[in-house]
Amino acid sequence: MSSGAPKWVAALVDSVGAQGLYTYRLPPDLKVAVGDILSVPFGSQQLGAIAIQLLSTPPPDLAPADIRPVAAVISRGMFSPTYWQLLERVAAYYQTSLIQVIRTALPPGLLGRSQRRLRLLPDAIPPEAEMFLSPAAVCVLSQLQQSAQGDYTWQYLRQKCRGAYRGIQALVDRGWAESYLALPTPPRPQRRQAVTVVQVPTPEDPTVTKRQREVLSLLQRRGGDLWLQEALQYCRTTSATMRSLARKGLLVIEEREVLRQPASPELGADHPKVLTAPQQTAVETLRTDQSFAMVLLHGVTGSGKTEVYLQAIAPRLAAGQSALVLVPEIGLTPQLTDRFQQRFGDRVYVYHSGLSDGERYDAWRRMLQGEPMVVIGTRSAVFSPLPQLGIIILDEEHDGSFKQDQPMPCYHARTVAQWRAELDDCPLVLGTATPSLESWSAQQLRAIAEATEPQPASPEATSQSAATLPPRHYLVLPDRVHQRPPPPITVVDMRLELQIGNRSIFSRSLRSALETMKSREEQGILFIQRRGHSSFVSCRECGHVMMCPHCDVSLSYHQSRSGAAEMLRCHYCGFGQMQPPRCPACDSQYLKHFGSGTQRVEQAIAQELPELRCLRFDSDTTRAKGAHRALLARFAQGEADVLVGTQMLTKGIDLPQVTVVGIIAADGLLYMADYRASERAFQVLTQVAGRAGRGEQPGRVILQTYNPENPVVQAVKSQDIQHFLTTEQQQRQALDYPPAGRLVLLRITSPDRAAAEHTAQDLAAHLASRLDEAWSLLGPVPAPILRVARRYRWQVLLKGAIAAPIPDLTDLAKQCPAHVSLTIDVDPLNLM
Ligand code: ADP
Ligand code: ZN
Ligand code: ZN
């Protein structure tokens, strides 16, 4: 063995009560690769572990003699080595430990389900072996000898024999039995009976009755292969009839494993469409360039991006590769998942945090089996262990929910997806109607570098040369499919409405648009910003405001439908209580909510436009599982004329019959104390506007605001996105904000008010002394909402030049007292 060869391995022990990285020695004759499943000693037990990192030096805090050896390799190549490289990179960049990243990535207890078993080696056992053994060992031996296989779990033997552990050890030491780890098996794979027609009887066959023939032909009409239960219902027959057909050899009834795929309604098949010219260019780029590249697919809503994804994925599947599709929120994109399932059938797997443990476990089992599949999932699905990854798609790439605020690692799925595409050498497609400034500027940078490439660059200038930047493509789908024009956007100045005495939340234009819409039997969408602060409850006599007992915020009023219970809820910690009938401070009965949210819009419609039927689409009415889909279906079936909703409306819904989109008040979005407020407002307003006129009828958008001159409103109106992004980019550049600079946010929280403040000050003072001039320190300051969920929150912001390496901050946690916690958020999106 050469001196540089690894002699140690860091292995992930992941069992009930034990999860962590531990170092083991590699016996000279044992070949171990990263990703192998090992059997390792752990305390007095033998546990399953995953080889994560091969080491050529042992950790400094361990004496080599104390490091125990790996016992065996149980399974090879279950995870690809690049998978663990990815997790290491996430840990390093987001300044947290590898084990913390593993906890985010892997479903807990993946190996915990494996069992340690003891197997008798009968040939090695001498006659009268009992003579040499202790009573415990004799007990274990006789248990094994009495069993048919000579094989039991440790757990069983422990129940049967006193002192089983020492008995087992004695048998193993003598070589009379061996201990091994049984690979994880699914807890209880669901099995169901299926019927398959295998033969059609000849018309002359006298043994087959008329009724039996009927059943067979009904089955064939449904493809000849059904679950037994469905077949019985469909053919209106009994299982006795089925069994007699089976006995005649005409059909087969067998048990089949059902993967716990979350149920989706019956879907028809869907076929590839003939592509438009820009779609064709996009698909061809993705088909020719199969190695790592960043592809920004910029297309307005309805321009056919999803069709591009589908046609780019198809050849990868055919080549035996898999595809990963990341979306902001699964519940909000049922239509996207449906289209994937219609195109690719049961090769599509939906993976998100709402799955049950069983569903999640099944998904992992299938992924690790390595058959080509399409995984559609939210943020954490970026860690799906898909081997043979052929393409990654990140839809709605501008969406903030791809970023995790807490707990650590505070990762951005787009950044992780980029590393993953790089490691697995496949393209990453970023699809959006409103590119994030990050993706757009990176694209510009690459274009500039390429344009200047022919000139010989000096060695110092290589950081800007095209060769060191990831390959990028900018693909534009400029038009809606079928040349449906984008809807015109009318900006209404609400100040003028007030001047002429219109106090309604509906301007005259919006009102008349809604009336026309109703008369033509078309449908509309009314958008209101989520979580307006005006939905608080206060007393009209004494001014008392209902506050969350755990946070420094007012409670928000919620009522899922008229007549339902009136609830108050905290949007920060989830605290909820009933709306009290009287003011807790003065006992007045005039304790009222000042809503301007969806409920108020609903009420205003009832009062002012009573002929309009409306449905509310917000976090109250869509809380239940599957509620999004159900509500959208009810709307699509014409159960209402208008859908009143929040930001949820901006995501992936395709409602062709919508012709009018009304934005009740853009203002709430425009003035948020955040350097990203304009970008976010532009994205949301553009996305909402894009919901109009997606069907045969042209649409229109009415945007109401008290600030029509606002540049964001102007940019939305003109839809000049390049101009907007250029201006925004210049503003960020002037202030060194991302993407022109970079930020790291330290969040310091504690139930102890003074401890949070003092720790923040200590950390800031400590950092000030060691940061180089590329970084500046802002704070410490109390967070905009000081107390959330009983914890006081302070923050320190580090701002650095874009090219400056991020300083290592991992030692800071050690400087925090026990009851103070520190979160390091690299590239934070949310500064609140
Ligand atoms: P996006 O994902 O950009 O919003 P979609 O892919 O959903 O756009 O396309 C919008 C609509 O146009 C969908 O109903 C889709 O089925 C249809 N469509 C997309 N591409 C084509 C095409 N090449 N030919 C015909 N219809 C298409
Ligand atoms: Zn009061
Ligand atoms: Zn709260």
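Order of listing sets the numbers, starting from 1, for every ligand and every atom in it.
- Atoms of ligand 1 found under 4.0 Å from any heavy atom of Thr276, numbered from 1 in the order shown, are 23 (N).
- With a 6.0 Å radius and a threshold of 12 heavy atoms from other residues, nucleotides or ligands, Glu611 has its CD atom above the threshold.
- A donor-acceptor pair under 3.5 Å links the side-chain atoms of Arg343 to the main chain of His271, judged by distance alone.
- Of the options Glu396, Gln279, Gln311, Arg339, the smallest heavy-atom separation from atom 15 (C) of ligand 1 is shown by Arg339.
- Between Val644 and Ile605 there is a side-chain heavy-atom pair separated by less than 4.5 Å.
- Remark: Arg613 pairs with Asp641 by the side chain to side chain donor-acceptor pair (under 3.5 Å) rule, at least two apart or across chains.
- Counting the atoms of ligand 1 from 1 in the order shown, those under 4.0 Å from a heavy atom of Val300 are 3 (O).
- Atoms of ligand 1 found under 4.0 Å from any heavy atom of Lys273 (numbered from 1 in listed order, with element): 16 (O), 18 (N), 21 (C), 22 (C), 23 (N), 24 (N), 25 (C), 26 (N), 27 (C).
- With ligand atoms numbered from 1 in the order given, ligand 1 contributes 22 (C), 23 (N), 24 (N) to contacts under 4.0 Å with heavy atoms of Val274.
- Contact annotation: Ser303 has at least one heavy atom less than 4.0 Å from an atom of ligand 1.
- A salt bridge links Arg676 with Glu438: the closest approach of a Lys/Arg side-chain nitrogen to an acidic carboxylate oxygen falls below 4.0 angstrom.
- Checked against side chain to side chain donor-acceptor pair (under 3.5 Å), Gln683 has the following partners two or more places apart in sequence or in another chain: Glu679.
- For Leu477, the closest heavy-atom approach to ligand 1 does not fall below 4.0 Å.
- Looking at Gly690, Ala277, Gly304 and measuring to atom 8 (O) of ligand 1, the nearest heavy atom belongs to Gly304.
- If you run side-chain hydrogen bond (donor to acceptor under 3.5 Å, both in side chains) between Trp440 and each of His398, Gln722, His298, only Gln722 comes through.
- For ligand 1 and Lys305, the ligand atoms under 4.0 Å from any heavy atom of the residue are 1 (P), 2 (O), 3 (O), 6 (O), 8 (O).
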